[in-house]
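Shown next, in structure tokens, is the structure this report addresses.
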2 protein chains.
Amino acid sequence: MENVTIRMLAERLQLSTATISKALNNSHEISEETRQRVLALAAELNYVPNPYASSLRKKASNTIAVVIPEVADSFFAEAINGIEAVAQEKGYHVLIYLSHENCQKEQTILKDFQSGRVDGVLISVTTETTATGLEQLVRDKPVVFFDRVCEEVKAAKITTDDAAAAYRATTHLIAGGCRRIGLLSASRQLSISNKRAEGFQQALLDHQLPLLPNAITYCTNDSAANHQLLKTAFLENDYDGIIATTEKLSTAVYEVCEALQWRIPEDLQVIGFSNLSTARFLHPSLTTITQPAFEMGKAAATLLFRALKSNNFPLQQQQEVIPSSLIARNSTLAKDK
Amino acid sequence: MENVTIRMLAERLQLSTATISKALNNSHEISEETRQRVLALAAELNYVPNPYASSLRKKASNTIAVVIPEVADSFFAEAINGIEAVAQEKGYHVLIYLSHENCQKEQTILKDFQSGRVDGVLISVTTETTATGLEQLVRDKPVVFFDRVCEEVKAAKITTDDAAAAYRATTHLIAGGCRRIGLLSASRQLSISNKRAEGFQQALLDHQLPLLPNAITYCTNDSAANHQLLKTAFLENDYDGIIATTEKLSTAVYEVCEALQWRIPEDLQVIGFSNLSTARFLHPSLTTITQPAFEMGKAAATLLFRALKSNNFPLQQQQEVIPSSLIARNSTLAKDK
DNA sequence: TTTATTTACTTAACCGATTAAGTAACACGG
DNA sequence: CCGTGTTACTTAATCGGTTAAGTAAATAAA
């Protein structure tokens, strides 16, 4: 059972391969009758075109890459859903690359994109990422950053209102009576981390609260190390409110509180950036800043496909900020927003 | 800045393209000196081979496909992690396809694999899947089923001890005093669903408990519909214990209990098949059957790569059952296992 | 010294589709 | 009846690597 090629169809029908190709691509050069004969035989022999032959010739792969730090985070899982939905609709294929929060791995992945394997890239960078390699990529190919963007690089970006969200979270804690608020940050470099930190600091300032010397704890990618880090920070600073800026850190807070026997929200009010669908069933239910993950993925993909369709689309100038929402639950004391 | 090709390297070095290709592939036919010159120039010009040209010629894509119903389920998210880890190590690329629990979409996806786009497939089927199309796929390509396998098809399979796990879950509920136990099933067709149902029934039998006429509720893929379905089932059957056989259904139980104002575990003990890392922080913490998702992904990928490496590997006969574990928490009353 | 073998290349076909350029047959306006 | 279009194809080049087959020169074996 050899693979069916265009040449086999051509031989069977006593036509040239060119005719077959054109017939399959609905070229106007082909008569309706011939077209039908070709389609009929193709269906009969179950012909499926070789994508690599076509990609090679057309210099287009109908494939996009999604580069993310990990999948086991509901934000990314939902974002992939959004991306894939758009891609499937457009007949594109999705290559997934996990950088595992490792800048080195990310570089290796980016390098591969020089090959023409993908027509465009959707990326959410690692906590360690610098602009290296990204500028080149953006120059070479349509790229859309989503969520974890790289500030220094001029490119299309889909983000949430990070500073505003952190500001709201902080205000919410203050409204609930917190005076010694800490922020758990995933990265010193990540612009969304810094924006969240800024929103946090601005809110403190606006409410005449001092910024504790150790208000911001920079966490690592290692959960055991984080656990220790948080424990120490909690004990040393005696926080009464904490903002966890990632989902992983949110659950880490619960773990550490359990270990320290701190009660939430009595001893520590907690608000987390998280898309966990089970946030409302946590004990206590977690007040969250929830990002529109699916929509962000969809928006990023949509932008990318617009650029892929018309190459005079000014992709690099596109910026979209999709608002997140604060959902007040029992891990904090303030009512509503 | 044109794309660097092997031909360009050849011209610059006054060599043939064949020599360049062989040099880059460390062929013994090439002198060490020439090889170094080629590698040096390749590095200097930042040459990246075109994967489609090479795939076309070699009839191998260095790409595998992962077909799953969705990503927003921690089992699949973790499984992807395992798969990707192995793939990255082997220098393979991973195409993700989401069937969205839709058999039709799945068929379309499978059809695409006839094209040679991927060298192998890892698949976890939808709740509606029948053998159609799968047999052909297995005949044509290395395929490994994981978790949601298709019984009728003879192929490599990585599963958990589904019947045993359900048996244990049922026994656990009985030990906690339950007498009217219900099981929430995701599918009538899925073999893992049926095995779980079997384990459930066997446990009831072994403990001299009658099988309620509506003991098993077959759920849909629509969460709103499920909500209604569960509500009705709960009210009509007055369960005192429930086994949710998927993660989605587990959280659905929490939602319905909240809506009905049933207390867990006082009014209803709950045990769920779930890989949620936050299960222990749910309110109440959820007793789970936890599958080794990462390991299953890894095992499936490892098996596939073994088949890709040596084509006389009897892939279709491979079966691996990786045990799951019951983690007793507060949504059930029995101590430990 | 002659023949065989090895080394280090080159030539050219090939993978399977696409497409620019060419062509034969026929229609049509003048 | 001629020239111009149009239709419906074919021919052949092309995308960028890979590889079977060929070759010239150097080396080893007889």
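Proteins come first, then strands; the chains are lettered A, B, ... in the order of their sequence lines, and each starts at number 1.
Partner B/F145 forms a side-chain contact (heavy atoms from CB on, under 4.5 Å) with one of B/V121, B/V125, B/T159, B/I158 and no other, that one being B/V125.
Closest approach of B/T127 and B/E101 over heavy atoms only: N-OE1, 3.0 Å. Of all the heavy atoms in B/A53 and B/N50, the pair that sits closest is N-OD1, 3.1 Å.
Rounding to whole angstrom units, CG of residue B/N62 and C1' of D/dT18 are separated by 14 Å. In this structure, B/R57 atom CZ and D/dG17 atom P are separated by 14 Å, rounded to whole Å. In this entry the distance linking CG of B/N3 with P of D/dT14 reads 18 Å, nearest Å. Distance B/I6 CD1 to D/dT14 P: 18 Å, rounded to the nearest Å. Distance, B/L56 CG to D/dG17 P: 12 Å, rounded to whole Å. Separating the CZ atom of B/R7 from the P atom of D/dT18 is a distance of 14 Å, rounded to the nearest angstrom. Put simply, CG on B/N26 is 14 Å from P on C/dA8, counting in whole angstrom units. When rounded to the nearest whole Å, the span between CE of A/M8 and P of C/dG16 equals 10 Å.
Side-chain contact between A/K22 and A/T19: absent, with no pair of heavy atoms (C-beta onward) separated by less than 4.5 Å. The shortest side-chain heavy-atom distance between A/R7 and A/T17 falls under the 4.5 Å cut-off.
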Problem set entry | Steps toward salt bridge (Lys or Arg N to Asp or Glu O under 4.0 Å) verdict (B/D119, B/K141) | CA-CA 7 Å; B/D119 298 340; B/K141 263 192 208 319; over 6 Å; no

For this session: Apply ring-ring contact (aromatic ring centres under 6.0 Å, His included) to the pair A/F313 and A/F305, showing each step before the final yes or no.
Result: CA-CA 10 Å; A/F313 178 70; A/F305 286 120; over 10 Å; no

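Close to D/dT18, at under 4.0 Å from its OP1 or OP2, lies a side-chain N or O of B/N25. Taking only side-chain nitrogens and oxygens, B/K59 comes nearer than 4.0 Å to OP1 or OP2 of C/dG16.
Defined by atom type and a distance below 3.5 Å, a donor-acceptor pair is missing between the side-chain atoms of A/N102 and A/E128.
B/S21 comes within 4.0 angstrom of a nucleotide base, judged by non-hydrogen atoms across all strands.
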Problem set entry | Footprint string (nucleotides 4-11 of chain D, 5' to 3'): B base within contact, S backbone only, - free, heavy atoms under 4.0 Å | ----BBBB

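Using a 4.0 Å cutoff on non-hydrogen atoms, no part of residues 41-55 of chain A comes near DNA chain D.
Shown here are the side-chain hydrogen bond (donor to acceptor under 3.5 Å, both in side chains) partners of B/T126, two or more places apart in sequence or in another chain: B/T129.
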